[in-house]
Amino acid sequence: MRKSLLRVCALASIFLIGLWSPIMSEEECVKNAWEKYGAKAYEKSIEFADKCIDEFGRAALRTQKQLDSLNIPMPPVGKVSAAERDAIFNRGLLNDVATAYYIKGRSAEALYHKGDSTTQHYKALAEDAYAGACELSYGRTWDPKGWFWSPCQAANDRLPIE
């Protein structure tokens, strides 16, 4: 009885945390990181991703740990039902930080592939960022085409960095 009551309270707190942030918005730092990545301004992209990670990373990790401890099923990828979509969007900071780690990884990987001696440290930076995305395995990223993808799965697809 007590365990189920704790579970209900924890689920309610996760729901309320989700309501605190706008349901369909990303943090500005994630939007900026995507924009700079798209413009191939990879160092700036990393700066914006780091800003998001620094500011919201602890809250995202806290949500991840709550979901883990409650054995909440992993959210799906692809097209989802309205209820699943709302549940995913309600984890805004978790999604944003997982996405920021992925963007940081892609940006660092691109810099590493430039291939000169000044870019060698970017390989480790990319690998660390991809690991950060996978620490937030409940995170999902909305594709404007109408579906979700997993930053962790996408990060794992990038490894090992060659």
Side-chain angles (χ1 to χ4, degrees), residues 14 17-18 20-69 72-80 84-85 87-162:
I14 290 169
I17 289 169
W20 175 73
S21 61
I23 288 181
M24 293 188 67
S25 72
E26 295 177 333
E27 291 299 326
E28 197 66 29
C29 51
V30 175
K31 289 178 185 178
N32 290 333
W34 270 130
E35 181 182 297
K36 296 302 179 189
Y37 175 77
K40 298 184 180 185
Y42 300 121
E43 289 161 344
K44 280 295 203 186
S45 178
I46 290 170
E47 285 179 35
F48 282 113
D50 278 340
K51 180 179 179 188
C52 192
I53 293 163
D54 291 345
E55 190 159 339
F56 305 111
R58 288 185 182 159
L61 194 54
R62 192 169 42 251
T63 300
Q64 173 74 32
K65 288 179 180 180
Q66 287 176 327
L67 294 165
D68 278 337
S69 71
I72 302 297
M74 199 63 63
V77 295
K79 291 190 181 263
V80 301
E84 290 169 324
R85 181 196 65 223
I88 293 169
F89 280 139
N90 281 337
R91 299 177 186 135
L93 291 180
L94 175 65
N95 298 331
D96 287 347
V97 176
T99 303
Y101 273 118
Y102 177 75
I103 298 167
K104 180 178 179 176
R106 287 299 304 263
S107 296
E109 186 178 352
L111 289 167
Y112 168 69
H113 283 133
K114 285 173 81 175
D116 63 39
S117 62
T118 64
T119 64
Q120 293 305 304
H121 72 282
Y122 286 114
K123 180 179 182 181
L125 186 65
E127 290 170 343
D128 289 346
Y130 290 151
C134 286
E135 282 185 55
L136 303 173
S137 59
Y138 282 87
R140 294 294 179 265
T141 303
W142 174 252
D143 187 293
K145 295 175 186 165
W147 50 279
F148 288 98
W149 54 275
S150 166
C152 177
Q153 288 174 354
N156 277 327
D157 289 346
R158 309 285 316 161
L159 296 170
I161 296 173
E162 310 260 338

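The basis for the numbers below is simple: all heavy atoms, side chains too, and nothing from hydrogens, waters or symmetry mates. Heads up: numbering here begins at 1 and tracks the sequence.
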Self-check item: D50: side chain to side chain donor-acceptor pair (under 3.5 Å) partners, not counting sequence neighbours
Solution: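 Expected list: K104.
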Quiz prompt | E35: partners by side chain to side chain donor-acceptor pair (under 3.5 Å), with sequence neighbours left out | solution =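 Here no residue qualifies.
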Any residue meeting side chain to side chain contact (heavy atoms under 4.5 Å, CB included) with [X], in chain and number order, not counting sequence neighbours:
| X | result |
| --- | --- |
| A87 | none |
| A98 | L136, P151 |
| E43 | L111, Y122 |

Going from [atom1] on [X] to [atom2] on [Y], what distance comes out if it is rounded to the nearest 0.5 angstrom?
| X | Y | atom1 | atom2 | value |
| --- | --- | --- | --- | --- |
| Q120 | L125 | CD | CG | 13.0 Å |
| Q64 | Y138 | CD | OH | 6.5 Å |
| S107 | K36 | OG | NZ | 11.5 Å |
| N32 | C52 | CG | SG | 10.0 Å |
| L61 | I53 | CG | CD1 | 12.0 Å |

Self-check item: Residues C29, F56; criterion side-chain contact (heavy atoms from CB on, under 4.5 Å); working and verdict
Solution: CA-CA 10 Å; C29 51; F56 305 111; 4.1 Å; yes
Is the closest side-chain heavy-atom distance between [X] and [Y] below 4.5 Å?
| X | Y | result |
| --- | --- | --- |
| V97 | E55 | no |
| F148 | I88 | yes |
| I103 | W34 | yes |
| V30 | N95 | no |
| P75 | E84 | no |

Exercise. Spell out, as yes or no, whether a donor-acceptor pair under 3.5 Å connects the side chain of D96 to the backbone of E27.
Key: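 Flag set: sc D96 to bb E27 pair under 3.5 Å.
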Quiz item: Within the side chain of S45, is there an N or O that forms a donor-acceptor pair under 3.5 Å with the backbone of A41?
Solution: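 Such a contact is absent between S45 side chain and A41 backbone.
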Exercise. Kindly write out the residues that satisfy salt bridge (Lys or Arg N to Asp or Glu O under 4.0 Å) with E47, not counting sequence neighbours, or none if the list is empty.
Key: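 Salt bridge (Lys or Arg N to Asp or Glu O under 4.0 Å) list for E47, sorted by chain: K44.
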Quiz item: What's the shortest heavy-atom distance between A49 and A100, and which atoms?
Solution: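 Closest heavy-atom pair between A49 and A100: CB-O, 3.4 Å.
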Quiz item: So which heavy atom on A59 is nearest to which on L93, and how close?
Solution: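 It is CB-CD1, 4.0 Å.
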Practice problem: For residues 124-147, pull every pair meeting salt bridge (Lys or Arg N to Asp or Glu O under 4.0 Å), keeping only residues two or more places apart or in separate chains. | Solution: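 Salt bridge (Lys or Arg N to Asp or Glu O under 4.0 Å) check on residues 124-147 returns no pairs.
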Self-check item: Test log, rule side-chain contact (heavy atoms from CB on, under 4.5 Å), inputs Y130 and R106
Solution: CA-CA 8 Å; Y130 290 151; R106 287 299 304 263; 3.2 Å; yes
Quiz prompt | ring-ring contact (aromatic ring centres under 6.0 Å, His included): pairs with one or both residues in residues 90-114, sequence neighbours excluded | solution =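 Listed by first then second residue: Y102-W149.
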Quiz prompt | Partner residues of Y42 under the ring-ring contact (aromatic ring centres under 6.0 Å, His included) criterion, sequence neighbours left out | solution =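 In terms of ring-ring contact (aromatic ring centres under 6.0 Å, His included), with neighbours along the sequence ignored, Y42 is linked to Y37.
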Distance-only donor-acceptor pairs under 3.5 Å for side chains of residues 155-162, two or more places apart:
| unit_1 | atom_1 | unit_2 | atom_2 | d |
| --- | --- | --- | --- | --- |
| R158 | NE | E109 | OE1 | 3.1 |
| R158 | NH2 | E109 | OE1 | 3.4 |
| R158 | NH2 | E109 | OE2 | 3.1 |

Practice problem: Would you please indicate if the ring centroids of W142 and F89 are separated by under 6.0 Å? | Solution: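 Yes - the distance between ring centres of W142 and F89 falls below the 6.0 Å cut-off.
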